[in-house]
S.K.: 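Quick one: this structure, given as structure tokens, is what I'll be asking you about.
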Amino acid sequence: MTIHPSATATMHRLALEKKERGEVVYNLAAGDPILTNHPAIIQAAVKASAKGDVPYPPVAGIPELRTLASAWMNENYGANYSKENCLVTCGGKFALFAALQAVLNRGDEVLMIAPYWVSYPEMVKLFGGVPKIIAASEESGWKISAADLRRHISEKSRVLIFNNACNPTGVLYTQEEIREILSVAKEANLFILSDEVYSHLVYENGSFVSLSAFPEISENLILVQSCSKNFGMTGWRVGCAFGPEKWMQRLTALQGQSTTGTALISQWAAVGAFENAPLVTSYVYAAMEKRRACFMESYRALFEKEALAPASALYYFTKLRGSENSAAFCERALCEANVALVPGSAFGMEGYVRFAYSVTEEEIASGMHALHRWIYGN
Ligand code: PLP
């Protein structure tokens with residue numbers, strides 16, 4: 001079967017290749033919080049590697065990390081997890097991958113809200129599922145209602161992927177909106193995959209509600225978390241799946257037949273992050289909040305005075321003004337202005353483009369000026 005590469009990864013690769021050729025590139029494509037790791041992470045990793053022996057990890061993850069990650073979910077988001085409800089994975093991405101592989105049967109429909117994270121439809125197709133897109137609109141604040149969900153459910157519907165805080169829009173659902181959506185999902189006996197990897201990157205105009213705080217759906221919920229964004233640890237590749245023990249056992253079996261688990265040193269680095277979670281998350285948050293402010297200042301000054309800042313995550317999703325399709329626009333922006341962006345089409349929303357503001361303020365400001373010069377010629 002054909003597997004389409006991730007659009008974000010492709011743009012990121014093209015940007016890096018340009019950089020390697022010695023060209024200037026402003027990389028506003030990758031959602032990578034570029035930041036020196038917090039010392040707590042590095043110290044924990046150095047201590048673990050200094051021991052000298054690095055055997056295979058336990059497939060489900062080291063107990064210390066599973067215990068800390070579960071406690072973090074309970075303290076921060078009102079969950080009720082213990083280590084048996086937690087599986088450590090190679091990033092949040094593999095938690096999603098394994099969950100879909102474990103849950104789906106051929107022909108099952110997977111409901112997802114567009115704009116969606118680029119990998120969902122491709123993962124679903126890999127496991128014989130059928131993506132069923134519920135398009136949100138800018139006018140509805142990029143959210144769907146419980147009634148929208150109900151309208152899209154058929155007898156083949158098996159899973160709902162819910163991404164809150166949302167990449168690419170930064171949208172956050174309220175407690176009441178979530179309650180209504182979950183009630184429809186429960187009625188239809190949907191399995192829910194909740195992608196919450198941006199849960200701590202929530203700014204002054206937002207408030208985050210985790211699906212783990214709704215015990216009525218806990219038997220049918222796998223929740224995905226990650227150290228990548230909240231702790232600024234993308235390269236370590238540490239994520240977690242949380243859910244009922246019986247599902248965690250299935251995912252562990254699947255992991256045992258695939259990755260064998262996450263590299264041991266990475267897991268100890270993540271222990272360092274969780275043990276110092278308030279310090280690490282505030283460190284990453286403070287940097288990303290400044291970058292978001294820098295991005296919005298440039299964007300408002302150069303393109304749209306009244307633009308509203310996104311409430312969460314690392315992105316700004318906006319409409320293109322011309323009639324050119326978004327992939328062609330982004331290709332030209334990279335070739336002609338040296339600015340890497342991701343086309344809306346990759347998120348299931350043609351006519352839009354996504355900026356990532358996770359790079360340094362200098363790169364953001366220079367990139368925005370380069371884009372402005374390219375579009376307006378001054
Ligand atoms: N989910 C969403 C919405 C994302 O944006 C990403 C990464 O960009 C991931 C999951 C996976 O991240 P990781 O595998 O680095 O944890």
Side-chain angles (χ1 to χ4, degrees), residues 5-13 27-35 37 41 61 65 69 86-100 110 112-124 136 142 160-173 192-202 208 210-211 222-242 251 255 258-259 261-263 266-267 269-270 273-274 281 284 288 310-317 340-342 346-349 354-359:
S6 148
T8 17
T10 303
M11 287 308 287
H12 185 51
R13 177 177 57 76
N27 191 348
L28 308 183
D32 194 346
I34 300 292
L35 200 61
N37 278 172
I41 297 165
L65 179 53
C86 174
L87 167 75
V88 179
T89 54
C90 296
K93 197 177 231 173
F94 193 74
L96 287 160
F97 192 89
L100 284 167
V110 179
M112 60 187 78
I113 303 160
Y116 45 70
W117 182 48
V118 292
S119 293
Y120 300 150
E122 291 306 308
M123 285 187 188
V124 167
W142 292 125
L160 167 67
I161 303 182
F162 194 71
N163 174 211
N164 183 51
C166 176
N167 172 9
T169 59
V171 151
L172 292 160
Y173 282 77
I192 301 164
L193 212 50
S194 187
D195 181 345
E196 306 188 0
V197 305
Y198 296 96
S199 57
H200 252 69
L201 291 167
V202 171
F208 174 77
S210 167
L211 264 55
I222 293 181
L223 187 149
V224 173
Q225 263 295 356
S226 173
C227 294
S228 288
K229 318 288 179 170
N230 292 328
F231 297 148
M233 290 179 68
T234 49
W236 295 94
R237 308 307 302 131
V238 187
C240 295
F242 291 96
L251 265 59
Q255 184 150 279
S258 51
T259 63
T262 299
S266 289
Q267 294 199 48
F274 277 109
T281 50
V284 177
M288 296 308 129
S312 71
L314 299 169
Y315 314 102
Y316 185 71
F317 195 65
L341 303 167
V342 184
F347 305 95
M349 203 50 67
R354 190 196 76 174
F355 293 81
Y357 50 81
S358 52
V359 290

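Model, not experiment: these values are computed from the prediction. Ligands are counted one by one from 1 in listed order, and the atoms in each one are counted from 1 as well.
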S.K.: Any side-chain donor paired with an acceptor under 3.5 Å for Q225 and S199?
M.R.: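 Q225 vs S199: donor-acceptor pair found between side chains.
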S.K.: Report yes if some heavy atom in the side chain of Y120 is under 4.5 Å from a heavy atom in the side chain of D195; otherwise report no.
M.R.: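 Side chain of Y120 against side chain of D195, heavy atoms only: contact under 4.5 Å found.
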S.K.: Run the side-chain hydrogen bond (donor to acceptor under 3.5 Å, both in side chains) test against Q267 and tell me which residues pass, sequence neighbours left out.
M.R.: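 With neighbours one apart ignored, the set is empty.
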S.K.: With sequence neighbours left out, what residues match N27 under side-chain hydrogen bond (donor to acceptor under 3.5 Å, both in side chains)?
M.R.: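 So N27 forms a side-chain hydrogen bond (donor to acceptor under 3.5 Å, both in side chains) with H12.
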S.K.: Check whether any side-chain heavy atom of N230 lies under 4.5 Å from a side-chain heavy atom of V197, and answer yes or no.
M.R.: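 With C-beta onward as the side chain, the pair stays apart.
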S.K.: Mind checking what makes side-chain hydrogen bond (donor to acceptor under 3.5 Å, both in side chains) contact with S194, not counting sequence neighbours?
M.R.: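 Partners of S194 under the side-chain hydrogen bond (donor to acceptor under 3.5 Å, both in side chains) test: E196.
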S.K.: What does the contact table look like for ligand 1 (nitrogen or oxygen on each side, cut-off under 3.5 Å)?
M.R.:
residue: ligand 1; atom: 1 (N); partner: D195; partner atom: OD1; Å: 3.3
residue: ligand 1; atom: 1 (N); partner: D195; partner atom: OD2; Å: 2.6
residue: ligand 1; atom: 5 (O); partner: W117; partner atom: NE1; Å: 3.4
residue: ligand 1; atom: 5 (O); partner: N167; partner atom: ND2; Å: 2.7
residue: ligand 1; atom: 5 (O); partner: Y198; partner atom: OH; Å: 2.6
residue: ligand 1; atom: 8 (O); partner: K229; partner atom: NZ; Å: 2.8
residue: ligand 1; atom: 14 (O); partner: G92; partner atom: N; Å: 3.2
residue: ligand 1; atom: 14 (O); partner: K93; partner atom: N; Å: 3.0
residue: ligand 1; atom: 14 (O); partner: R237; partner atom: NH2; Å: 2.8
residue: ligand 1; atom: 15 (O); partner: S228; partner atom: OG; Å: 2.6
residue: ligand 1; atom: 15 (O); partner: R237; partner atom: NH1; Å: 2.8
residue: ligand 1; atom: 16 (O); partner: G92; partner atom: N; Å: 2.6
residue: ligand 1; atom: 16 (O); partner: S226; partner atom: OG; Å: 2.5
residue: ligand 1; atom: 16 (O); partner: S228; partner atom: OG; Å: 3.3

